[in-house]
Protein chains: 4
Amino acid sequence: MQAPQDTKPRWERRKDARPQELLAAALEQFVERGYAATRLEDVAKRAGVSKGTLYLYFANKEELFKAVVRDNIVATIGEAEQDAATFDGPSAELLGALLMKWWQEICATPLGGITKLMLAEGNNFPELAQFYNDEVVARGSSLFTRVLTRGIARGEFRPVDPVVMTQVLIAPVIMLMMWTHAFMPTCGMPQIPPQEFMDVFIATTLRGLQADTP
Amino acid sequence: MQAPQDTKPRWERRKDARPQELLAAALEQFVERGYAATRLEDVAKRAGVSKGTLYLYFANKEELFKAVVRDNIVATIGEAEQDAATFDGPSAELLGALLMKWWQEICATPLGGITKLMLAEGNNFPELAQFYNDEVVARGSSLFTRVLTRGIARGEFRPVDPVVMTQVLIAPVIMLMMWTHAFMPTCGMPQIPPQEFMDVFIATTLRGLQADTP
Amino acid sequence: MQAPQDTKPRWERRKDARPQELLAAALEQFVERGYAATRLEDVAKRAGVSKGTLYLYFANKEELFKAVVRDNIVATIGEAEQDAATFDGPSAELLGALLMKWWQEICATPLGGITKLMLAEGNNFPELAQFYNDEVVARGSSLFTRVLTRGIARGEFRPVDPVVMTQVLIAPVIMLMMWTHAFMPTCGMPQIPPQEFMDVFIATTLRGLQADTP
Amino acid sequence: MQAPQDTKPRWERRKDARPQELLAAALEQFVERGYAATRLEDVAKRAGVSKGTLYLYFANKEELFKAVVRDNIVATIGEAEQDAATFDGPSAELLGALLMKWWQEICATPLGGITKLMLAEGNNFPELAQFYNDEVVARGSSLFTRVLTRGIARGEFRPVDPVVMTQVLIAPVIMLMMWTHAFMPTCGMPQIPPQEFMDVFIATTLRGLQADTP
DNA sequence: AATGAATGAGTGTTCATTCAT
DNA sequence: AATGAATGAACACTCATTCAT
């Protein structure tokens, strides 16, 4: 028996990988330097190609950025939406899993830098802000809102306003992410141990949401 | 007795006011657009002078930014250091006053935007980061540390590690500021009422610091 | 008695002259190379300034081109409109004068190259085409149409359709201009003597327009 | 008797057709956008091949353009030269046929756009201008000159200077072509009916050339 | 023969900085 | 002190051309 073989010629395999290589390079560069300060030539160099090659795959800087967001953050949101749609167990468990997934797959990775970037530069690039708000903020929020609504409907959660509660859920995670990511290395801030924070936060919140059982 | 009078002719007073006008314009522009995206021409226009005039007072963009920080944040820290040095009463009172002063005079004003800016863009301008760390973060932190040490020495506070405790004091305030300032308008986050937050935070913390009185 | 003196400092006189110098350089360059092939750096060099200086006076390439057209062709049309509005004599005389002015001040000068350019590249730059059509073609045409209408109303001209007749008037002049201007030097075409052509053309046309006198 | 058959397999015929397909695509693109603005990628796409394939058949953009001219205009001139060389009848008939052929096979087809293009952009591409002048202008002119000379020698035409007369013959046709082709759609010029124009032009000219018959 | 990925020189545009007046 | 004209380095984006497959 053989290991599965890629029968394509080498350059074709290379071609298929290119967009991913470019997106990875772009992510790093955007996170390191911010949107405006990222030079496409540096992204290209980082991916080991020339400036022109970038334009074979992405129409311009803005589309490159959007592709980075889509390929990483939006994709993860999509998975989470799947998880939520097919999940059958208690809402508290689902909510906890979603929060932890968000933390582990986005906030705790370099992707967290994208959120920082949007906070910092969003004002200067309204179209990007719009895109990010539509594809990430709105979709992510409404996912949490739906889970809360489900829990309330099933009598698992107390009858809070699910929209407001969504914000209450989101806020500490973003805070923690800013804390973990953004603070300047020089800043000498204390390291909050993120995993513990998340554990405590989730446990506390779920307990607070729990409906009274007579 | 007379109120102190400015005996200078008007144009000279004007001249003396120039740097202040420029610094005010620069602050607004930096806060609105970030450091990199701020165009000196816009700062000049906002102050009602020409671009060249800016360079009569500030050697370059970086020095302008530093001057904004010095003239506002560093100055406030200086005052606070004075307050602390001459204060004679209980350490808890001093600590509460310092925290509240920090909140009210920096975090709750446009100056809070400078902190956001440093978090967001500091990495791209290492010299600015260094400056900000030395002049603001380090000095501010050490002020709190000194007050904590004083309180412990005087038996008012429990014998915590004053350096770590400093971070614990600072973190929530910065969090609140980020919350108040930075989050994208689109983000739809709930408004935390800052004054209440600060009151509760200060009360709780001081109570937690209080040494046991036998 | 003294010659009128310019009391401004030299650099200010320079500044006032700059736009004209740039427009002149741009006209030459556009006529020589066409719109797309004209490099702004070459325009700048030709005017003896740097590329950046161009942008102090004109927002971009397109605006530079429009300014060239306005400053030359549109201005001349404006004069002609004035002439026509204030003219009191026979319509035939006015019409002849307008045609000749058009020939002498536009077609026979480098400005004719602009028309050639629009014919050649207009398709590729729809916004420029629109502008040129509105500001030059439409205004110029309607001027001739008005004069024809005036002549007909006053019983000087036969009752032709003035709009169609306008085209008949315009066509030969544009033809002559293309002939004079555009033909490649190498092309070895015969030199039509333009002045004679215009004289004969105007004389013939006016005679053809003349109303029958009983 | 059989019609000549192409015995090659289909893919080979395809291969043979390639250059023609490319030339056709190039002609359309050049006429639509002009020489400089034509992107080889668009030509390739139009021909349904890849950009690289273009370079298998034509060394570069310039050679592609020359090939378009050769394959169309020069070829037609060649035919006309043949016609003229073998023609035995009256010179007036030959001359009329040549003029009409020129009109119908070049000026009235998209090929007319090539002439427009050379007029408009020739200056920017001296090598192309040289080529066009040698292969098209000179050869075409000298063909007419030879026919005129023949007619004069045979006593059919009046003894005009054949070189000058050649230009007189050429000018109106080029004019008509410019009129038909190049003028901006927006320009609202009246449509000259080309066939009538040519008929009248040829009839008039031949009559004018006719030698007096005693 | 055919592909299409890759290149890099070239151009329009921006903006911190300088300097003659 | 103040001006604002001038500069030029920097960057996003395009496209003719090359070449490994």
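Below, all heavy atoms of this structure are taken into account, side chains as well, without hydrogens, waters or symmetry copies. A note on names: the letters A, B, ... follow the listed sequences, proteins ahead of strands, and every chain is numbered from 1.
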Handout entry: Stepwise side chain to side chain contact (heavy atoms under 4.5 Å, CB included) test for F58(C) and L23(C)
Key = CA-CA 10 Å; F58(C) 306 98; L23(C) 287 171; 3.6 Å; yes
Problem - Nearest-0.5 Å distance, CZ of residue F30(B) to CD1 of residue I114(B) - result: 7.5 Å
Exercise for the section: Any chance you could lay out the salt bridge (Lys or Arg N to Asp or Glu O under 4.0 Å) test for E135(C) and R70(C), step after step, and finish with the verdict? Expected result: CA-CA 8 Å; E135(C) 299 288 318; R70(C) 273 196 208 95; 5.2 Å; no
Practice task
Would you please test E32(C) and R46(C) for side chain to side chain contact (heavy atoms under 4.5 Å, CB included) and show each step?
Solution key: CA-CA 12 Å; E32(C) 265 178 35; R46(C) 197 157 197 158; 2.7 Å; yes
[X] has an atom [atom1]; how far is it from atom [atom2] of [N], in whole Å?
X       : N       : atom1 : atom2 : value
Y57(C)  : dT7(F)  : OH    : P     : 10 Å
F125(D) : dA16(F) : CZ    : P     : 10 Å
K45(B)  : dT3(F)  : NZ    : C1'   : 15 Å
F58(D)  : dA1(E)  : CZ    : C1'   : 15 Å
F65(A)  : dA12(F) : CZ    : P     : 15 Å
E21(A)  : dA5(E)  : CD    : P     : 14 Å
L56(A)  : dT3(E)  : CG    : P     : 17 Å
N124(C) : dT14(F) : CG    : C1'   : 15 Å

Handout entry: Any strand: nucleotide that pairs with dG12(E) via Watson-Crick or wobble, under 3.5 Å
Key = dC11(F)
Practice task
Both distances under 3.5 Å, Watson-Crick or G-U wobble: report the partner of dG4(E), or none.
Solution key: dC19(F)
Exercise for the section: Show your reasoning for whether side chain to side chain contact (heavy atoms under 4.5 Å, CB included) applies to E62(B) and L128(B). Expected result: CA-CA 7 Å; E62(B) 193 173 310; L128(B) 287 188; 3.4 Å; yes
Problem - Heavy-atom side-chain contact between Y57(C) and L64(C) under 4.5 Å - result: no
Practice task
Summarise how protein sits on nucleotides 11-17 of chain E as a single string, 5' to 3': B when a protein heavy atom is under 4.0 Å from the base, S for sugar-phosphate-only contact, - for no contact.
Solution key: SSBBSBB
Handout entry: Cation-aromatic face contact K61(D)/Y35(D), 6.0 Å, 45 degrees
Key = yes
Exercise for the section: Using a cut-off of strictly less than 4.0 Å, decide whether T53(B) has a side-chain nitrogen or oxygen near OP1 or OP2 of dT3(F). Expected result: yes
